Amino acid sequence: MHHWLNIHPEVKTALTEGKALVALESTIISHGMPWPKNVETALQVEQEVRNQGAIPATIAILDGKCCVGLTTPQIENLGKATDAWKVSLRDMPYVLTNKLIGATTVAATMRIAHMAGIRIFVTGGIGGVHRGATQNMDISADLTTLGNTSVAVVSAGVKSILDIGLTLEYLETLGVPVVTLGQDEFPSFYSSKSRFRSPLRLDTTQEIASLLQTKWSIGLEGAVLVANPVPEALEVKPELMEKHIEAAIDAANASGISGKDLTPFLLKYISEHTQGESLAANIALIRHNAACGARLAVEFHQLAS
Ligand code: PSU
Ligand code: MN
């Protein structure tokens, strides 16, 4: 398996010296935000991780290898590339074999992080069960991967472009603990509210670190989904978002967008139609998640060592 990994020297040293590490995805860079904000944000997120005393490892597939830890020029190339693949699990063998440029989704990033021995991963929002899934069967491979890959995922909850209720049901079926930090309600990315009660609540990252250790030490495979609610000052009004989400879904249906193109289409549409308000919140949120995930990594690490 290690034949397929290309681990950045700093990450390799951190792994051998037993330092806390945080994995970061790259689809958010290539398909989640426009250039140059995408590159700026990816670098700021890495800095947030360092500020808390952990080492960042942004993950992508380049030159036929699963790269764990990217250089700044590699992040810049990924942010500018117009031919980067959005790589979920099913795309990994093709993109590796053909040495294509691959930006990894939550699912693919989790698998690569796990191959490298990294247990904490930070993102903005995960994929889930799409609205209308009872008809279109559009359920992200992020969910099945959460069910079988032992990496903790820190996000700001689930964006309401998805069916949040069905996503929580699916995570229950897969046996994934869903823990919200510091409140009873599950957050929905731009909003700290979703009208769904969080299955679990813990008030400190230290308690979450203990939960991770317990889950994995009793032999339960799979993720823990940590929901880190957006701070009030950064919230975008749900009424405003809902209007744009419905318009985005209508536009996707009208132009026949489906499958892997759907999530990037919806994210782009919403960002463009909120005059960048959602993009600014998106950036602040991911940075907030990075700080939270890095603290969790440091605490999990102390428990494990
Ligand atoms: N949801 C977001 N922001 C994102 C994504 C999802 O709020 O950037 C990206 C992530 O990379 C996630 C992927 O893993 O989209 C899910 O795509 P799909 O729904 O096609 O599985
Ligand atoms: Mn899908």
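On a predicted model such as this, the values are computed, not experimentally measured, just so you know. All residue numbers refer to positions in the sequence shown, counting from 1.
Put simply, the side chain of Glu46 reaches to within 4.5 Å of the side chain of Ile75, judged on heavy atoms. At a threshold of 4.5 Å between non-hydrogen side-chain atoms, the residues Leu240 and Glu277 count as touching. A 4.5 Å side-chain heavy-atom check between Ile120 and Leu212 finds at least one atom pair inside the cut-off. Taking the side chain as every heavy atom from C-beta outward, Leu174 and Leu146 never approach each other to under 4.5 Å. Side chains of Val236 and Thr274 form no contact here, defined as non-hydrogen atoms less than 4.5 Å apart. Within the 4.5 Å cutoff, the side chain of Leu303 has heavy atoms near those of the Ser210 side chain. For the pair Leu171 and Pro199, the minimum side-chain heavy-atom distance is 4.5 Å or more. In this structure, the side chains of Asn289 and Glu48 stay at 4.5 Å or more apart for every pair of heavy atoms.
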**OP:** Take Leu200 and Leu202 through the test side chain to side chain contact (heavy atoms under 4.5 Å, CB included) and record every step on the way to the result.
**Re:** CA-CA 7 Å; Leu200 305 168; Leu202 289 171; 5.9 Å; no

**OP:** Could you walk me through whether Trp85 and Lys260 pass the side chain to side chain contact (heavy atoms under 4.5 Å, CB included) test, one step at a time?
**Re:** CA-CA 10 Å; Trp85 271 60; Lys260 72 184 286 190; 3.7 Å; yes

**OP:** Kindly indicate, with the supporting measurements, whether the criterion side chain to side chain contact (heavy atoms under 4.5 Å, CB included) is fulfilled by Val49 and Val122.
**Re:** CA-CA 10 Å; Val49 170; Val122 168; 5.7 Å; no

Original post:
Could you walk me through whether Val129 and Glu169 pass the side chain to side chain contact (heavy atoms under 4.5 Å, CB included) check?
Top reply: CA-CA 9 Å; Val129 180; Glu169 288 294 345; over 6 Å; no

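Summarising the geometry, atom CD1 belonging to Ile139 is positioned 8.5 Å from atom CG belonging to Asn136; distances are rounded to the nearest 0.5 Å. One finds the CG atom of Asn282 at 7.5 Å from the CG atom of Leu267 (value rounded to the nearest 0.5 Å). For the atom pair OH (Tyr94) and CD1 (Ile61), the distance works out to 13.5 Å, reported to the nearest 0.5 Å. Taking CG of Leu78 as the start and CG of Asn38 as the end, the distance is 8.5 Å to the nearest 0.5 Å. Interatomic distance, CG of Leu234 versus OG of Ser192, reported as 10.5 Å (0.5 Å rounding). Atom-to-atom distance recorded for Asp83:CG and Ser30:OG is 10.5 Å, nearest 0.5 angstrom.
Between the Glu10 side chain and the Ile55 main chain, no donor and acceptor come within less than 3.5 Å of each other. Of the possible polar contacts, one joining the Lys215 side chain to the Ala223 backbone as a donor-acceptor pair under 3.5 Å is found. Side-chain atoms of Thr144 come within 3.5 Å of backbone atoms of Ala141 as a donor-acceptor pair (strictly under, hydrogens ignored). No donor-acceptor pair under 3.5 Å is formed between the side chain of Asn228 and the backbone N or O of Ala156. Remark: side-chain polar atoms of Thr104 are not paired, donor with acceptor, to backbone N or O of Glu25 under 3.5 angstrom. Formation of a donor-acceptor pair under 3.5 Å by the Ser150 side chain with backbone atoms of Gly222 is found in this model. Remark: side-chain polar atoms of Asp163 are not paired, donor with acceptor, to backbone N or O of Arg131 under 3.5 angstrom. Using modelled atom types, no side-chain atom of Thr180 and backbone atom of Arg201 make a donor-acceptor pair closer than 3.5 Å. Between the side chain of His273 and the main chain of Tyr269, a donor-acceptor pair closer than 3.5 Å is present. Of the possible polar contacts, one joining the Thr204 side chain to the Glu207 backbone as a donor-acceptor pair under 3.5 Å is found.
In this pair, Trp216 and Phe300 present their aromatic rings perpendicular. The plane angle is above 60°, beyond the 30 to 60° band.
Environment of CZ in Arg197: sparse, with no more than 12 heavy atoms of neighbouring residues, nucleotides or ligands closer than 6.0 Å. Within 6.0 Å of atom NZ in Lys65, more than 12 heavy atoms from other residues, nucleotides or ligands are found, so the atom counts as buried in its surroundings. For Gln206, the CD atom is loosely surrounded, since the number of other residues' heavy atoms within 6.0 Å does not exceed 12. Within 6.0 Å of CG on Asp63 lie no more than 12 heavy atoms contributed by other residues, nucleotides or ligands.
Leu168 and Ile161 fall within a single hydrophobic cluster, where Ile, Leu, Val, Met, Phe, Trp and Tyr are joined by side-chain heavy atoms under 4.5 Å apart, directly or via other members. Both Ile126 and Met110 belong to a single network of hydrophobic side chains, linked directly or stepwise wherever heavy atoms of I, L, V, M, F, W or Y lie under 4.5 Å apart. Placement of Ile208 and Val153 in two distinct hydrophobic clusters is found when ILVMFWY residues are connected by side-chain heavy-atom separations under 4.5 Å, directly or transitively. Under a hydrophobic clustering in which Ile, Leu, Val, Met, Phe, Trp and Tyr are joined whenever their side-chain heavy atoms come within less than 4.5 Å, directly or via other members, Val178 and Val106 fall into the same cluster. Linking ILVMFWY side-chain heavy atoms closer than 4.5 Å, directly or via other members, places Leu143 and Leu166 in a single hydrophobic cluster.
A salt bridge is defined here as a Lys NZ or Arg NE, NH1 or NH2 lying under 4.0 Å from an Asp or Glu carboxylate O, and Lys237 with Glu239 fails to meet this definition. Glu185 has no carboxylate O lying under 4.0 Å from a charged side-chain N of Lys193, or vice versa, which leaves the two without a salt bridge.
Scanning all heavy atoms of the two residues, the minimum distance from Leu296 to Ala209 falls at CD1-N, 3.5 Å. In terms of heavy atoms, Asp138 sits closest to Ala133 at O-CB, 4.0 Å. Minimum heavy-atom separation, Ala108 to Val87: CB-O, 3.2 Å. Of all non-hydrogen atoms in Ile270 and Ala248, the two that sit nearest each other are CG1-CB, 4.1 Å. Scanning both residues, Lys86 and Pro264, for their nearest heavy atoms gives NZ-CD, 3.6 Å. When all heavy atoms are compared, the tightest approach of Lys37 to Met33 is O-SD, 4.4 Å.
Results of the side-chain contact (heavy atoms from CB on, under 4.5 Å) test with His8 over Leu70, Thr13, Thr58, Thr71 single out Thr71 as the only residue that passes.
The ring-ring contact (aromatic ring centres under 6.0 Å, His included) search around Phe186 returns none, not counting sequence neighbours.
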